[in-house]
Amino acid sequence: MCGIIGYIGNEKAAPILIKGLKNLEYRGYDSAGISTISKNNIIIEKDTGKIDEIEKKINFDSMGGSVGISHCRWATHGNVTKENAHPHTDCTGKISIVHNGIIENFSELKEKLIKKGHKFSSTTDTEVIVHLIEEHYKGSIEEAARNALKEVEGSYALGVICSDEPDKLIAARNESPLIVGIGKNSMLIASDVPAILDYTNKVAYLDDKEIAVLTKDHFKITDLNNNVKNKDVHTIEWAKEAAQKSGYKHFMLKEIYEQPRVITETLNGRIEGGSINIKEELNLSDKELLEINRIIIVACGTSWHAGLAGEFMFEELAKIPAEVEYASEFRYRHPVLDDKTLVIAISQSGETADTLAAMKEAKKQNAMILSICNVKGSTIARGSDSVLYTHAGPEIGVASTKAFTSQLVVLYLLTLYLSKLRNTLNDEKILDLIAHLRKLPLQLESVLSNDNKVKELAELYSDKTNALYLGRGINYPIALEGALKLKEISYIHAEGYPAAEMKHGPIALIDKEMPVVFVAPKDIYTYKKVLGNIEEVKARGGIVIAIATEGDEEIRKKADHIIYIPKNLYTLSSILAVVPLQLLAYHIADKRGCNVDKPRNLAKSVTVE
Ligand code: M6R
C-alpha cells in the first residue's frame with residue numbers, strides 16, 4: 001500500500017533509496033520514484049513499472065546529494081502513469097514530497113489552490129499537499145509542513161525535502177505507518193522495518209499527527225502545534241538476512257519452508273512443563289480474563305481465516321462464546337460491546353487500516369483489546385491493551401503463509417491459557433494438548449518433505465480455470481485459506497466452502513474439469529460425512545484432491561490424489577493441513593509464470609480503508 005523511504009546523512013542518497021525501495025516493493029509496485037537535492041536543486045526520477053527497470057534509467061551521476069526521499073506506489077487516486085508516480089513537486093520545483101495514504105478533502109483543497117494560481121501536473125490526491133506546503137512556505141519547511149497538515153483531512157505518511165534547506169528531511173504521519181531509523185551519522189524514514197535494516201536496527205515510532213525533523217545526526221518529533229514529543233528508541237531484533245531470499249526462488253517459498261523454525265520460535269519460552277507461560281505478555285489480570293463473557297475477533301484476509309479457526313478453539317476448549325468479524329464490516333454495523341468483551345485484533349503487519357478502525361471502535365466501547373501481531377511496534381500492537389507477538393520474522397511475500405500458521409499457534413496457546421484459568425480443561429488434558437503442540441515443528445518438516453508430490457499435482461492442474469476447496473469444522477477456514485492462496489497468486493478462480501454446504505449450490509459447478517480440494521484429516525466429528533461429500537463430487541465427474549491423515553486407506557480409495565499429513569489432534573492438524581495448500585498455490589502460480597511475491601493489484605500491507 002505504497003512504500004516510503006527517506007535518507008539524510010553523509011552518503012549519496014540515491015543508491016540507498018533505490019536499495020531501500022527494493023526491500024519495500026512488496027508494499028506497492030505499479031510505479032516508483034526518487035528525489036534528491038543536488039547542488040541546491042531538486043532532481044526527480046520516476047516512472048511506471050518495476051524498481052529494477054526504473055533503476056536502469058536513472059542517471060546516478062546527476063543525482064548527487066545526501067538527502068532524498070523515494071516511493072513505490074499502489075495506486076488509489078489517479079491512474080498508473082508517470083505523472084502520478086511520486087515524488088511530486090510544488091510550482092517552484094523547490095519542494096518535493098512522497099506520500100502514503102488518502103487525502104479525503106483533496107478536492108476542496110485542490111479547487112482552492114487552483115484559484116490561487118497553483119498548477120497541478122498529476123491527478124493524485126497527494127499533489128495538493130506539496131502545493132499547500134508551498135503556500136505556507138516562508139523560509140521554514142518544518143513550519144510550512146506543520147501548517148499545511150493542519151488543513152489536511154485523511155491519512156498520510158509523508159517525506160518532504162526542500163532545496164532551500166538541504167540539510168533537513170521532514171516526515172509526518174497520520175494513520176499510515178512511518179518509522180524513524182537512527183543510524184550512525186544518518187537518519188532514515190521508512191514505511192516498514194525491512195527497508196532500513198541494512199543501515200540500522202534502532203527506530204523511533206511516530207504517532208498520529210506528529211512531525212519529525214531530521215538532520216544527519218539528530219531527530220526531533222513534535223505534534224502539529226510544535227509541542228516536543230519525547231520518544232523511546234527501540235531495537236529491532238530481526239536480522240537483515242531475514243528479509244532476503246537466501247537462495248529461494250521466491251520469498252513465498254522461503255517463508256513456507258521457514259514454518260517449522262517459525263513455530264519453534266512462536267512457542268519458545270511460552271510453554272513451561274504443563275502450563276502456558278503468557279501471563280507476563282498478557283498485561284490483563286486473571287480477574288479481567290475470568291470476567292470475559294465473549295470474544296470478538298476482528299481481522300482481514302488470511303488473518304480473518306486464522307480468527308475463524310480461533311473461534312473453534314475458544315468455543316471447543318475454553319468454552320467462551322466467540323465470533324469473528326471482517327474488520328471492514330465491524331464498525332459499520334453498530335456492534336454492541338462492553339468491558340466484559342475481549343476483542344482480539346489479528347494482523348501480521350499490525351498496520352491494516354480496516355483492522356485498526358475496528359479496534360478503535362471497540363476501544364470506544366470500553367472493550368479489552370488484545371492483538372496478535374507479527375510486526376513489533378506496529379500501530380495495532382501499540383494501540384492494544386495487550387499484544388501476543390507471533391515471532392514469525394519479516395514476511396515479505398504478499399501471500400501470507402508463515403504468519404498464518406504462527407497466528408494459529410498463538411490462538412491455541414491463548415486458548416489453553418484461558419481453558420486452564422477457567423477450569424474448562426483439567427491439568428492432564430492440558431498436558432496432553434501441550435505434548436501434541438510440541439510435535440508441530442517436526443511434523444511440519446515432514447509435510448514439507450512431500451513437496452515433490454504437491455508439485456506433481458500442480459503440473460497436472462495448473463491450466464484449470466476454477467477450483468473448489470472444501471472442509472468442515474476447523475478445516476473450513478483452512479479450505480478458505482487454500483482458496484485465497486490460489487486465487488491471489490495464480491489468478492485462478494477458487495472458492496472455499498464448508499463441505500456440507502456444497503450441495504446447497506456449488507455442486508452445480510462440478511464437472512470433469514473441476515478440481516475439488518478436500519481438507520479431510522481424520523476426526524471424530526465429521527470425517528465420515530466428508531467422505532460422503534467426496535462421493536458426491538466423484539459421482540458428478542469432479543477431480544478430488546484430498547489432504548488426509550497418514551495411514552488413512554479409506555479416503556485413498558475415493559480420492560484421485562492424496563497428500564498425507566501426520567496424525568495430530570483435530571485442532572492442530574489444521575495447522576499441518578494448510579501447508580500443502582500453500583505449496584499447491586505456489587507451484588501452480590510459478591508454473592503459470594505469475595509474479596508470485598507481488599501478485600497484480602495487491603499490496604502486502606493495506607493501510608487504506
Ligand atoms: O497484515 P494483516 O494480517 O492485517 O493483513 C490482512 C490481509 O490484508 C492479508 O492477510 C491478505 O489477505 C494477504 N494477501 C493474504 O495472503
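As the structure is a prediction and not an experimental result, all values here were calculated from the model. Note that ligands are numbered from 1 as they come in the structure, with each ligand's atoms numbered from 1 the same way.
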**Student:** Of the protein's non-hydrogen atoms, which lies at the shortest distance from atom 8 (O) of ligand 1, and what is that distance?
**Tutor:** Val606 CG2, 4.1 Å

**Student:** Does Val398 have a heavy atom less than 4.0 Å from any atom of ligand 1?
**Tutor:**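 Within the 4.0 Å threshold, so yes.
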
**Student:** Any non-hydrogen side-chain atom of Leu388 less than 4.5 Å from a side-chain atom of Leu370?
**Tutor:** yes

**Student:** Are any non-hydrogen side-chain atoms of Thr401 and Met252 less than 4.5 angstrom apart?
**Tutor:**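 Yes. Closest side-chain heavy atoms under 4.5 Å.
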
**Student:** Checking a contact table here: which protein heavy atom is nearest atom 1 (O) of ligand 1, and how many Å away?
**Tutor:**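 The closest heavy atom on the protein side is Ser349 OG, 2.7 Å.
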
**Student:** Below 4.0 angstrom from a heavy atom of Ser400, which ligand 1 atoms are there? Numbered from 1 as shown, please.
**Tutor:** 15 (C), 16 (O)

**Student:** Within a strict 4.5 Å, meaning less than it, do heavy atoms of the Leu602 and Glu488 side chains meet?
**Tutor:**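 Of all side-chain heavy-atom pairs linking Glu488 with Leu602, at least one is under 4.5 Å.
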
**Student:** Which atoms from ligand 1 have a heavy atom of Thr302 less than 4.0 Å away?
**Tutor:** 10 (O), 12 (O), 15 (C), 16 (O)

**Student:** What are the atoms of ligand 1, with element, lying closer than 4.0 Å to any heavy atom of Glu488?
**Tutor:**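 Listed by number with element: 13 (C), 14 (N), 15 (C), 16 (O).
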
**Student:** How are the rings of His250 and Tyr586 set to each other: parallel, tilted or perpendicular (split at 30° and 60°)?
**Tutor:** perpendicular

**Student:** Between Tyr461 and His561, is the ring centre distance below 6.0 Å?
**Tutor:** yes

**Student:** What part of Lys485, side chain from CB on, backbone N/CA/C/O, both or neither, has a heavy atom under 4.0 Å from ligand 1?
**Tutor:** side chain

**Student:** A cation-pi test, strictly: NZ or CZ of Arg592 under 6.0 Å from the centre of the six-membered ring of Tyr491 and no more than 45 degrees from its axis. Yes or no?
**Tutor:** no

**Student:** When the ring planes of Trp304 and Tyr326 are compared, do they come out parallel, tilted or perpendicular, using 30° and 60° as the limits?
**Tutor:**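 Trp304 vs Tyr326 ring planes: parallel.
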
**Student:** Applying salt bridge (Lys or Arg N to Asp or Glu O under 4.0 Å) to Asp385 and Lys363, what does each step give before you reach the verdict?
**Tutor:** CA-CA 10 Å; Asp385 297 314; Lys363 263 189 160 180; 5.8 Å; no

**Student:** Can you list the atoms of ligand 1 that are under 4.0 Å from a heavy atom of Ser303?
**Tutor:**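 Selected atoms, number and element: 2 (P), 3 (O), 10 (O).
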
**Student:** What's the shortest distance from atom 6 (C) of ligand 1 to any protein heavy atom, and which residue and atom give it?
**Tutor:** Cys300 O, 3.3 Å

**Student:** Measure the distance from atom 2 (P) of ligand 1 to every protein heavy atom, then report the residue, atom name and distance (to 0.1 Å) of the closest one.
**Tutor:**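 Checked against all protein heavy atoms, atom 2 (P) of ligand 1 sits closest to Thr352 OG1, 3.2 Å.
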
**Student:** Given Gly301, Ala353, Ala345, identify the one with the heavy atom nearest to atom 12 (O) of ligand 1.
**Tutor:** Gly301

**Student:** Considering the heavy atoms of Ala399, write down every atom of ligand 1 situated less than 4.0 Å from one of them.
**Tutor:** 16 (O)

